[in-house]
Amino acid sequence: MAVLSKTFALGAALLMQLAAAQQLVVSHFSGTVYALNYSDGNLTITDQNKQAGQRIPSWVTWDGKSRTAYVSDESWFGARTGRFASYGLSEAGKLTVSGVATTNGGDVASGVYGGPGGNSFIGQAAYEAGTLTTWALPLESSDTPIQSFQYFMNAPGPNPERQNKPHLHSVFTDPTGDFLLSNDLGADITRVWSIASDTGRLTECPGIRAHTGGDGPRHSVFREADGVTYLYVINELGETVSGYVVTYPSSGCLSAQHFQSISTFPENSTKPANTKAAEVHIKGNFLYASNRNDETFGKERDSIAQYSIGADGRLRFLGLANAQGFFPRTYSISEDGTLVAIGGQTDAVVSIVERDTETGLIGDLLARINVGQRGTYMGEDGLSAVTWAE
Ligand SMILES: *[C@@H]1O[C@H](CO)[C@@H](O)[C@H](O)[C@H]1NC(C)=O
Ligand SMILES: *[C@@H]1O[C@H](CO)[C@@H](O)[C@H](O)[C@H]1NC(C)=O
Ligand SMILES: *[C@@H]1O[C@H](CO)[C@@H](O)[C@H](O)[C@H]1NC(C)=O
């Protein structure tokens with residue numbers, strides 16, 4: 001009996017170790033895409049690849065169903081210079097380029113949508129051009145876009161330097177998969193399109209205005225709870241998170257009602273100068289919003305704001321957590337909610353920290369690793385994105 005239970009315990013320990021081993025994909029603005037492996041406190045680079053010929057990889061969209069990483073290229077060297085690439089990731093941690101399409105560059109984010117698995121097409125947001133462009137998957141070199149939507153403004157927004165024109169910054173679907181959305185930081189609007197799931201074609205719907213002029217919406221997350229659909233938008237310039245209740249009128253578009261905007265810093269606190277909010281994520285009843293350049297936790301140690309989500313969808317500020325790096329442009333929460341991978345852009349460091357699934361609080365540093373060259377302060381270089389590849 002004693003022998004049996006010991007064998008069982010060993011087997012369980014082994015299983016837990018296997019379950020704890022996790023792969024990550026990282027993009028670096030210098031041109032290289034990396035695969036990482038985290039296991040029980042050990043974080044290693046298992047592969048690096050720049051065979052897609054990307055100049056300025058800016059973003060990774062991970063599609064777990066096809067185990068494919070879609071990497072945007074911010075290359076701003078004129079028309080037809082962006083290379084939108086897809087990478088396969090093997091169980092052994094090797095990256096293989098599976099497709100490359102040519103874009104006009106300036107791409108900063110993508111999101112898959114449509115088709116039977118919700119991953120037959122992909123939308124690409126270009127910041128500088130202010131465009132949303134759609135592609136059929138898989139990507140191929142002969143590809144031309146399905147559609148491209150370009151936006152214009154008559155006059156600059158309240159923050160004329162950053163809001164000189166439309167700047168689309170994200171691509172994501174709603175929980176029904178019937179709508180594609182993109183936050184336009186320049187125009188203070190979340191743009192909305194309805195999806196024709198079989199062809200991938202989009203039809204424009206009325207957008208969702210930012211609550212306050214100058215908010216500069218960047219990224220978003222949806223949440224469904226008790227039959228209600230919520231949308232939370234992180235505002236890069238306003239450094240707030242805005243909450244909306246989303247409904248689906250019979251007109252065929254979606255409608256959003258604002259109910260809250262809350263700071264990414266403690267209530268009534270004085271914000272450090274030159275900070276910018278970056279990325280929002282939700283896990284369970286908790287929401288997270290990263291701050292860049294606040295150095296709340298010391299030199300080159302920025303923060304992630306943590307909130308609990310009430311039954312009415314309202315956010316309550318729980319405190320700032322140590323982002324363990326400088327300019328946390330992206331971070332990613334593991335599916336089981338126990339780990340957060342944080343990508344410091346300027347220090348080019350990936351940190352793995354623990355997360356308490358009960359309290360929602362981000363905890364201690366478990367591992368960190370340098371990935372590629374450091375960036376320059378406030379520069380568009382360094383580590384651009386990190387995501388768990390689950
Ligand atoms: C972590 O790395 C150390 C040092 O290389 C090694 O001794 C240890 O076995 C590794 N642990 C795991 C779980 O891989
Ligand atoms: C990750 O590390 C663990 C522990 O060293 C190892 O068992 C596993 O094979 C590694 N996975 C990859 C993809 O390298
Ligand atoms: C913030 O300031 C307002 C107005 O002075 C006050 O009512 C509120 O209690 C303050 N909040 C905190 C957390 O100190």
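Whatever order the structure lists them in is the order used to number ligands and atoms, beginning at 1.
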**Q** Is it the case that ligand 2 has an N or O less than 3.5 angstrom from some N or O of N37?
**A**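 Yes; the residue has a nitrogen or oxygen that sits under 3.5 Å from a nitrogen or oxygen of the ligand.
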**Q** Answer yes if a protein heavy atom lies under 4.0 Å from atom 14 (O) of ligand 3, otherwise answer no.
**A**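 When distances to the protein are checked, atom 14 (O) of ligand 3 has a heavy atom within 4.0 Å.
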**Q** Does a side-chain heavy-atom distance below 4.5 Å link V71 with D73?
**A**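 A side-chain contact under 4.5 Å is absent here.
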**Q** I'd like to know if the side chain of T357 reaches the main chain of G337, judged simply by a donor and an acceptor atom lying under 3.5 Å from each other, with no hydrogens or angles considered.
**A**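 Such a contact is absent between T357 side chain and G337 backbone.
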**Q** Within a strict 4.5 Å, meaning less than it, do heavy atoms of the Q22 and N37 side chains meet?
**A**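 Not in contact.
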**Q** Of all the atoms in ligand 2, which lie at a distance below 4.0 Å from a heavy atom belonging to S39?
**A**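 In order of numbering, the contacting atoms are 2 (O), 3 (C), 4 (C).
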**Q** Which of these passes ring-ring contact (aromatic ring centres under 6.0 Å, His included) with H219: F172, W59, Y232?
**A**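 The option that passes is W59.
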**Q** Applying side-chain hydrogen bond (donor to acceptor under 3.5 Å, both in side chains) between S170 and each of N183, T190, D184, report the one that passes.
**A**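 That would be N183; it is the only one of N183, T190, D184 passing the side-chain hydrogen bond (donor to acceptor under 3.5 Å, both in side chains) with S170.
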**Q** Looking at G93, which atoms of ligand 2 are within less than 4.0 Å of one of its heavy atoms?
**A**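 Once the distances to G93 are compared, the set is 13 (C).
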**Q** Can you list the ligand 2 atoms lying under 4.0 Å from a non-hydrogen atom of Q23?
**A**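 Those atoms are 13 (C).
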**Q** Is atom 5 (O) of ligand 3 less than 4.0 angstrom from some protein heavy atom?
**A**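 Within 4.0 Å: no protein heavy atom nearby.
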**Q** Taking only heavy atoms of N268 into account, list the atoms of ligand 3 that are under 4.0 Å away from them.
**A**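 Selected atoms, number and element: 1 (C), 2 (O), 3 (C), 8 (C), 10 (C), 11 (N), 12 (C), 14 (O).
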**Q** I362 and Q306: side chain to side chain contact (heavy atoms under 4.5 Å, CB included), yes or no, with the steps?
**A** CA-CA 8 Å; I362 291 171; Q306 311 165 106; 3.5 Å; yes
**Q** Would a search of protein heavy atoms around atom 2 (O) of ligand 3 find one under 4.0 Å away?
**A**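 It does; a protein heavy atom is within 4.0 Å.
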**Q** Under 4.0 Å from any heavy atom of A92, which atoms of ligand 2 are there?
**A**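 What qualifies from ligand 2 is 13 (C).
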**Q** Please report whether the ring centroid of Y127 lies less than 6.0 Å from that of W76.
**A**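 No, ring centres 6.0 Å or more apart.
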**Q** Compute the centroid of each ring, for H281 and then for Y288, and state whether the two points are separated by less than 6.0 Å.
**A**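 No, too far apart.
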**Q** Just jot down the ligand 2 atoms closer than 4.0 angstrom to any heavy atom of E91, in number order.
**A**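 Answer, ordered by atom number: 13 (C).
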**Q** Check ligand 2 against T46 and write out every atom of the ligand that is under 4.0 Å from a heavy-atom position of the residue.
**A**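 Counting from 1, the qualifying ligand atoms are 14 (O).
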